[in-house]
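The block underneath contains the structure these notes are about, expressed in structure tokens.
Position 1 is the first residue of the sequence; numbering continues from there.
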Amino acid sequence: MSENLVVIENYAEFRKKLKALEPGLDKEVKVGMRKIGKKVATQAKAIAGVKGLYDSGELIRKIAPSVRMDGTTIRAKAMRKTGKRAPYPYPAIYEYGGRGGGSTGPRAFLGPAVEAMQDDIRQEVEHLVDETMRKAGWK
């Protein structure tokens, strides 16, 4: 399983404090982070499509975000369903190396999606944190 993280410094600590203060605020942050993750996953799907990765429709369909205490993860959850190596996850070599040299493989789509959206991610996370802090009375 291949993945890329959107990591925010002190994010887990921030969420723990929110939970202690008002559990509903932490839930709002989680929902907001999932929305941001969905935007990045949509970008990754578009990049995968442009690179012609339609052989396994599952590969593109199963690019999805998940929210954890340390950040948001964008994963390619596709599994090979037939053959003697089934189930077999999306090969990380396509994302991180192999036939194209360098640190990103020729079929990479997760890393490029996060890179392309760095500014958008940063702005949306700042807005989410500011809005949450305002609701908590910290601003």
Side-chain angles (χ1 to χ4, degrees):
M1 187 172 351
S2 188
E3 65 182 60
N4 253 308
L5 283 175
V6 175
V7 180
I8 303 165
E9 270 185 60
N10 301 319
Y11 178 66
E13 184 180 332
F14 173 68
R15 286 194 54 197
K16 284 178 189 173
K17 286 181 180 179
L18 281 178
K19 275 185 180 183
L21 182 67
E22 188 181 327
L25 289 175
D26 178 61
K27 186 175 181 179
E28 284 185 38
V29 168
K30 188 175 180 179
V31 168
M33 289 300 291
R34 183 171 303 281
K35 286 179 183 176
I36 294 168
K38 281 184 181 179
K39 288 180 181 181
V40 176
T42 299
Q43 177 75 4
K45 288 178 183 185
I47 292 170
V50 166
K51 293 191 176 204
L53 303 179
Y54 290 107
D55 301 348
S56 166
E58 182 181 343
L59 177 62
I60 294 175
R61 249 188 347 272
K62 292 220 174 177
I63 297 170
S66 66
V67 178
R68 306 183 323 197
M69 279 305 282
D70 63 345
T72 298
T73 306
I74 315 301
R75 295 182 177 184
K77 298 178 181 181
M79 298 290 282
R80 181 178 179 172
K81 294 186 180 195
T82 59
K84 65 181 183 180
R85 292 196 304 167
Y88 182 74
Y90 164 79
I93 193 167
Y94 291 145
E95 190 70 31
Y96 299 110
R99 298 184 196 110
S103 62
T104 304
R107 294 178 63 182
F109 48 86
L110 297 175
V114 172
E115 282 178 31
M117 297 192 71
Q118 283 288 328
D119 291 337
D120 292 339
I121 292 167
R122 191 173 295 112
Q123 288 174 358
E124 290 193 38
V125 169
E126 284 176 9
H127 176 72
L128 176 63
V129 170
D130 285 346
E131 188 63 22
T132 304
M133 290 174 71
R134 187 187 60 73
K135 287 180 181 178
W138 295 345
K139 257 189 157 182

Measure the spacing between [atom1] of [X] and [atom2] of [Y] and express it to the nearest 0.5 Å.
X: M69; Y: D26; atom1: CE; atom2: CG; answer: 6.0 Å
X: M117; Y: Q123; atom1: CE; atom2: CD; answer: 10.5 Å
X: Q43; Y: F109; atom1: CD; atom2: CZ; answer: 12.5 Å
X: K17; Y: L25; atom1: NZ; atom2: CG; answer: 14.5 Å
X: R61; Y: K45; atom1: CZ; atom2: NZ; answer: 9.0 Å

Over all heavy atoms of both residues, which pair between [X] and [Y] is shortest? Give the atoms and the distance, please.
X: T72; Y: P65; answer: CG2-CB, 4.4 Å
X: I47; Y: A108; answer: CG2-O, 3.9 Å
X: V40; Y: A113; answer: O-CB, 3.8 Å
X: I74; Y: G37; answer: CD1-O, 3.4 Å
X: A64; Y: A41; answer: CA-CB, 4.4 Å

Path from V125 to M133 over hydrophobic side-chain contacts below 4.5 Å: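 Per the 4.5 Å side-chain linkage, V125 and M133 are co-clustered.
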
Listed partners of V29 passing side chain to side chain contact (heavy atoms under 4.5 Å, CB included), at least two apart: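 Testing V29 for side chain to side chain contact (heavy atoms under 4.5 Å, CB included), a comparison that skips the adjacent residues, returns Y11, F14, R15, L18, M33, L128, T132.
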
Close side-chain approach of R134 to D130, heavy-atom, < 4.5 Å: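 Result no, sub-4.5 Å side-chain heavy-atom pair not found.
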
Contacts of type side-chain hydrogen bond (donor to acceptor under 3.5 Å, both in side chains), residue D119, not counting sequence neighbours: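 D119 satisfies side-chain hydrogen bond (donor to acceptor under 3.5 Å, both in side chains) with R122 only.
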
Pairs involving residues 29-39, ordered by first then second residue, that meet salt bridge (charged side-chain N to carboxylate O under 4.0 Å, His left out) (sequence neighbours left out):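 Matches after skipping sequence neighbours: K39-E124.
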
